[in-house]
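Starting from 1, each residue takes its place in the sequence as its number. As a basis for the values below, the full set of heavy atoms in this structure was taken, side chains included, without hydrogen atoms, waters or symmetry mates.
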Amino acid sequence: MTALLLSLHVLAAILTVGPVAITASMFPRAARQALAAPDETNTAAVRLLHRVTRVYAVVGVAVPVLGYATGASLGVLSDAWLITSMVFTAAAAAVLIVLVLPGQRRVVEALDAPGPAGAADPAERGAARRLAMHAGIFNLLWAVVVVLMIYRPGSTTGAGL
């Protein structure tokens, strides 16, 4: 059962966190382009990137759920490396929920608002720039989690310290 849980956890991480990391990183550039020249193609790309980020973020809840079940099955829930990775996972989720998704939604709403073409508010352009930083923080947090999952300090597999 442990092998199945671990396999599902890793697959869920690859298939959900990967797309969120990519679309969150692609969104700021697409948003800047759409805000500068809000044509149908640019606006559609921004909407699609936001939808993919949002949908995969919801499905991505499976990653910590399966991770917790795997940790319980392995008896490592009290190990420092796992607790640390859970904290980083929670931080990444918070960045996504509090900063990335609302920022993306605001840009999409700005593009959908009626107004003269190409008249993006400077604050909206600034929001698109901040989204790049927020996506970078999200991706960095997940990179730390991946390293902790592979390296596992104190592990008996020989891969850790």
Side-chain angles (χ1 to χ4, degrees), residues 1-32 34 43-112 124 126-161:
M1 184 58 137
T2 301
L4 175 65
L5 287 171
L6 181 58
S7 296
L8 291 173
H9 171 63
V10 171
L11 280 171
I14 292 168
L15 297 175
T16 62
V17 177
V20 171
I22 291 168
T23 56
S25 296
M26 291 174 64
F27 187 93
R29 180 172 186 253
R32 285 191 301 272
T43 303
V46 168
R47 281 193 200 100
L48 176 65
L49 290 168
H50 176 56
R51 185 177 18 188
V52 170
T53 305
R54 190 179 65 241
V55 169
Y56 278 83
V58 171
V59 178
V61 169
V63 176
V65 169
L66 289 166
Y68 187 86
T70 303
S73 176
L74 289 168
V76 295
L77 288 178
S78 61
D79 287 8
W81 67 268
L82 186 60
I83 293 168
T84 303
S85 69
M86 287 191 283
V87 168
F88 278 97
T89 298
V95 168
L96 184 64
I97 292 166
V98 174
L99 299 172
V100 173
L101 289 171
Q104 288 184 354
R105 187 185 69 248
R106 283 190 296 274
V107 170
V108 170
E109 289 170 354
L111 289 169
D112 290 342
E124 294 161 357
R129 280 192 298 269
R130 280 189 303 281
L131 277 170
M133 178 183 65
H134 297 154
I137 292 167
F138 173 79
N139 290 335
L140 180 61
L141 290 167
W142 272 114
V144 170
V145 171
V146 168
V147 169
L148 286 170
M149 290 291 138
I150 294 169
Y151 190 66
R152 299 182 313 164
S155 171
T156 59
T157 63
L161 294 174

For [X] and [Y], work out which heavy atoms get closest and say how close.
X	Y	result
Pro64	Gly60	CD-O, 3.3 Å
Thr53	Val20	O-CG2, 3.9 Å
Ile83	Ser78	CD1-O, 3.6 Å
Leu5	Ser73	CD1-CB, 4.1 Å
Ala24	Val100	CB-CG1, 4.1 Å
Ala21	Asn139	CB-OD1, 3.0 Å

Distance from [X] atom [atom1] to [Y] atom [atom2], nearest 0.5 Å?
X	Y	atom1	atom2	answer
His9	Thr2	NE2	OG1	13.0 Å
Leu8	Thr70	CG	OG1	8.0 Å
Met86	Thr89	CE	OG1	8.5 Å
Gln104	Leu96	CD	CG	8.0 Å

Is there side-chain contact between [X] and [Y], with heavy atoms separated by less than 4.5 Å?
X	Y	answer
Ile22	Tyr56	no
Ile137	Leu141	yes
Leu131	Phe27	yes
Met149	Leu82	yes
Trp81	Val76	yes
Leu111	Arg47	no

Notebook entry, point to check: For Ala30, which residues count as a side-chain contact (heavy atoms from CB on, under 4.5 Å) partner, sequence neighbours excluded?
Noted result: Val46, Leu49
Check: Can you list the steps and then say if His134 with Arg130 is a side chain to side chain donor-acceptor pair (under 3.5 Å)?
Finding: CA-CA 6 Å; His134 297 154; Arg130 280 189 303 281; 5.5 Å; no
Note to self: If you count every heavy atom of other residues, nucleotides or ligands that lies below 6.0 Å from Met26 atom CE, does the total exceed 12?
What the structure shows: no
